[in-house]
Amino acid sequence: MSKPTPLSGFPEWLPPQRMIEQQLLARIARTFELYGFAPLETRAVEPLDQLLRKGETSKEVYVLRRLQDSGGDADLGLHFDLTVPFARFVLENAGRLQFPFRRYQIQKVWRGERPQEGRYREFLQADIDIVDRDTLPFHYDAEMPLVVGDALRGLPIPPVTIMVNNRKVCEGFYRGLGLADPEPVLRAVDKLDKIGPGKVAALLTETAGATDAQAAACLELAAIAAPDASFADRVRALGVTDPLLDEGLDELVRVVDAAAAHSPGLVVADLKIARGLDYYTGTVYETVLAGYESSGSICSGGRYDNLASSGAERFPGVGISIGVSRLLGLLFGRSALTVSRAVPTCVLVALTDEDARPAAGRVAGALRSRGIATEVAPAAAKFGKQIRYAERRGIPFVWFPGADGAADSVKDIRSGEQVDADAAVWQPPAADLLPVVSAAVTAGS
RNA sequence: GUGGUCGUAGCUCAGCUGGUAGAGCACCGGGUUGUGGUCCCGGGGGUCGCGGGUUCAAGUCCCGUCGAUCACCCCA
């Protein structure tokens with residue numbers, strides 16, 4: 001068999017990277033739970049009509065098919081986000097849930113896009129959502145960014161900025177301006193940072209049917225950004241009036257004010273933010289990592305008032321999702337994260353000869369029983385080689401069983417210090433008990 | 001899905017206008033008769049991503065494919 005090659009878009013990390021990922025995931029989940037979000041996992045597949053219910057994503061969905069007898073499961077697809085399956089789950093289990101229902105979900109999702117750094121076909125999202133019956137109080141829109149702000153700011157990563165907008169602001173503004181279809185306008189405005197105002201204006205007249213004056217007004221709106229409520233007056237000063245615009249501005253002010261009170265500097269209102277899935281109806285979030293602005297959003301979401309509804313039942317929701325794989329892919333790409341060792345092992349028990357393996361095993365067992373990750377040396381090689389085995393993996397301690405009734409001793413191979421020790425009571429320093437994830441000092445900015 | 005760039009040892013790379021592969025680091029062994037990291041000596045390792053083509057001869061040219069990356073699309 002020839003050497004296997006990677007599959008494009010399906011990243012696989014090495015164990016040190018996976019240890020980093022697991023620690024970040026554990027801390028993210030912990031933060032979500034501190035805010036009362038309950039854990040949930042949904043199946044990997046959804047009926048295709050559920051997945052395709054909203055928007056243009058059809059070409060991205062991986063369809064499930066059996067090799068033989070392709071009739072049976074032909075209408076199933078892998079989910080491409082966690083919100084659509086969640087909406088389905090809520091409808092299905094509405095009778096068993098208490099509302100407002102807040103849950104978090106950390107799972108793989110799949111999208112058939114062309115991969116590049118930070119963009120994958122299989123990736124991990126850490127998602128929180130809150131849904132309620134009939135109506136969802138708006139204060140939840142303000143809570144979302146605070147939760148992920150807490151989660152992300154607790155990690156050894158560069159600072160994040162959450163940019164917030166509200167689709168009612170854009171749609172109301174465009175409508176007040178006389179532009180009926182907001183979609184092409186949003187798409188054009190979204191390119192502002194990349195292609196500049198001149199080309200966006202040209203796009204607006206070409207693809208959105210805007211006059212020069214309308215295009216200019218759209219650009220003026222898109223240029224507005226502020227970390228506080230001052231943006232609203234600047235929008236009103238543009239002279240466009242529309243009930244939806246007013247509603248959107250009021251909502252956006254509430255999000256920004258709440259964030260400014262809770263986490264100054266975390267959230268900024270930015271009226272050119274317009275992307276995201278097409279089921280968003282109000283607040284939209286997008287997040288950039290300092291130093292990685294050009295790599296896109298690492299955390300996005302928004303308010304969806306119509307996603308979960310069947311017949312007379314309606315479950316409006318708001319949610320936001322951390323792109324864990326993107327975040328890690330970008331940071332790994334610049335070697336910006338390190339872990340203190342490549343394996344969980346804290347102690348390596350050295351071996352004088354194979355006959356000593358049972359005794360070494362008892363030492364290891366005593367340490368493990370007290371929560372100290374321990375492995376026994378693979379072979380009774382020279383101690384130098386056994387120490388080197390530990391060193392290569394970053395294992396901080398080597399345990400030497402005492403010869404002929406002498407006391408055991410344990411060596412910190414970083415300092416070289418070696419002391420007598422008893423496996424029933426010895427404790428490593430707290431900082432060495434578990435691998436520690438930290439920002440790499442050599443990381444470029 | 002469309003287009004561009006790139007693909008030589010585990011890593012970073014060299015290899016001139018085509019003449020049948022090299023360095024540093026890493027790794028392994030020895031010096032050092034079971035306590036590593038320095039130093040010295042020695043050693044293993046590459047179907048030059050893969051498959052076809054042109055040629056007496058291809059790492060070097062052409063085509064395809066896979067992978068990485070960038071732009072578009074879209075978005076975490």
Side-chain angles (χ1 to χ4, degrees), chain A residues 1-12 14 28 55-61 79-83 106-127 148 152 160 183 186-187 190-191 194-195 203 207 273-280 284-289 292 294-302 319-330 333 335 348 350-354 356 377 379-401 403 409-418:
Chain A
M1 173 172 151
S2 58
K3 187 179 180 180
T5 54
L7 259 185
S8 185
F10 296 83
E12 295 181 309
L14 291 167
I28 288 168
E56 308 289 312
T57 45
S58 58
K59 45 187 180 291
E60 298 176 6
V61 171
H79 58 225
F80 61 88
D81 71 4
L82 299 176
T83 306
I106 300 176
Q107 284 180 245
K108 291 278 181 65
V109 305
W110 294 268
R111 291 182 195 172
E113 293 179 5
R114 184 73 134 225
Q116 48 187 265
E117 186 171 55
R119 309 188 54 183
Y120 307 108
R121 290 177 160 169
E122 176 181 73
F123 58 98
L124 199 56
Q125 287 194 325
D127 188 289
V148 295
L152 293 174
V160 297
E183 289 298 328
L186 290 174
R187 257 198 298 279
D190 182 56
K191 301 183 199 306
K194 274 186 179 170
I195 65 179
L203 255 183
T207 66
I273 298 305
R275 290 189 291 180
L277 284 330
D278 48 15
Y279 46 68
Y280 297 137
V284 289
Y285 315 99
E286 200 163 295
T287 308
V288 290
L289 190 62
Y292 299 79
S294 64
S295 296
S297 174
I298 55 144
C299 176
S300 304
I320 189 165
S321 194
I322 301 173
V324 176
S325 298
R326 163 168 295 180
L327 177 64
L328 288 172
L330 296 175
S335 303
L348 176 76
L351 219 48
T352 51
D353 58 74
E354 273 308 313
K382 289 199 272 189
F383 282 162
K385 291 180 81 171
Q386 298 191 54
I387 290 171
R388 202 161 58 189
Y389 174 97
E391 188 200 9
R392 294 279 152 75
R393 292 162 178 76
I395 299 169
F397 296 98
V398 176
W399 191 281
F400 295 98
S409 63
V410 65
K411 178 189 183 91
D412 181 334
I413 65 172
R414 297 159 301 187
S415 64
E417 183 188 5
Q418 185 166 343

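Small disclaimer: the values here were computed from a predicted structure and weren't measured. Reminder, nothing fancy here: chain letters follow the sequence lines and each chain counts from 1.
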Query raised in the report: Does the A76(B) base have a donor-acceptor partner in the side chain of Arg119(A) within less than 3.5 Å?
Result: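 Flag unset: no donor-acceptor pair detected.
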Report task. Identify, with sequence neighbours excluded, every residue that meets ring pair (Phe, Tyr, Trp, His ring centres under 6.0 Å) alongside Phe123(A). Result ->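 Testing Phe123(A) for ring pair (Phe, Tyr, Trp, His ring centres under 6.0 Å), a comparison that skips the adjacent residues, returns none.
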Query raised in the report: Does Tyr280(A) have any ring pair (Phe, Tyr, Trp, His ring centres under 6.0 Å) partners at least two apart in sequence or in another chain, and if so, which?
Result: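 Scan of Tyr280(A) (ring pair (Phe, Tyr, Trp, His ring centres under 6.0 Å), adjacent residues dropped) gives none.
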For a quick check of understanding: with a heavy-atom distance under 4.0 Å over all strands, which category does [X] fall into, base, sugar-phosphate or nothing?
| X | answer |
| --- | --- |
| Gln418(A) | base |
| Glu117(A) | sugar-phosphate |
| Ile298(A) | sugar-phosphate |

Query raised in the report: Out of A71(B), A76(B), G29(B), which nucleotide sits closest to the side chain of Arg388(A)?
Result: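 Given the options A71(B), A76(B), G29(B), the side chain of Arg388(A) is closest to G29(B).
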Query raised in the report: Which listed nucleotide (C70(B), G67(B), A76(B)) is nearest to the side chain of Gln116(A)?
Result: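 Within the option list, the nearest is C70(B).
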Query raised in the report: Can you list the residues that meet the side-chain contact (heavy atoms from CB on, under 4.5 Å) rule with Ala274(A), with sequence neighbours excluded?
Result: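 Partners of Ala274(A) by the side-chain contact (heavy atoms from CB on, under 4.5 Å) criterion, ordered by chain and then number, come out as Leu186(A).
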Can you name the atoms? Protein N/O to nucleotides 31-33 of chain B N/O, anything below 3.5 Å, with the distance.
residue: U33(B); atom: OP2; partner: Lys382(A); partner atom: NZ; Å: 3.3

Filtered N/O pairs between nucleotides 2-11 of chain B and protein, under 3.5 Å:
residue: U2(B); atom: O4; partner: Arg114(A); partner atom: NE; Å: 3.4

Query raised in the report: Going by the side-chain hydrogen bond (donor to acceptor under 3.5 Å, both in side chains) test, which pairs reach into residues 113-122 of chain A, not counting sequence neighbours?
Result: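 Listed once each, the pairs are Trp110(A)-Glu122(A), Glu113(A)-Arg119(A).
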Requested in this report: Would you tell me if any nitrogen or oxygen in the side chain of Arg187(A) comes within less than 4.0 Å of OP1 or OP2 on C74(B)?
Outcome: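 The answer is yes; a side-chain N or O of Arg187(A) sits under 4.0 Å from OP1 or OP2.
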Report task. Establish, with yes or no, whether the OP1 or OP2 oxygen of G29(B) is under 4.0 angstrom from a side-chain nitrogen or oxygen of Lys385(A). Result ->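 Yes, such a contact exists.
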Query raised in the report: What do you reckon, do Phe383(A) and the base of G36(B) stack, with centroid distance below 5.5 Å and planes below 30°?
Result: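 No; centroid distance or tilt outside limits.
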**Report entry** Length of the line joining Arg392(A):CZ and G37(B):P, which is rounded to integer Å
**Finding:**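 Spelled out: CZ on Arg392(A) to P on G37(B) is 10 Å.
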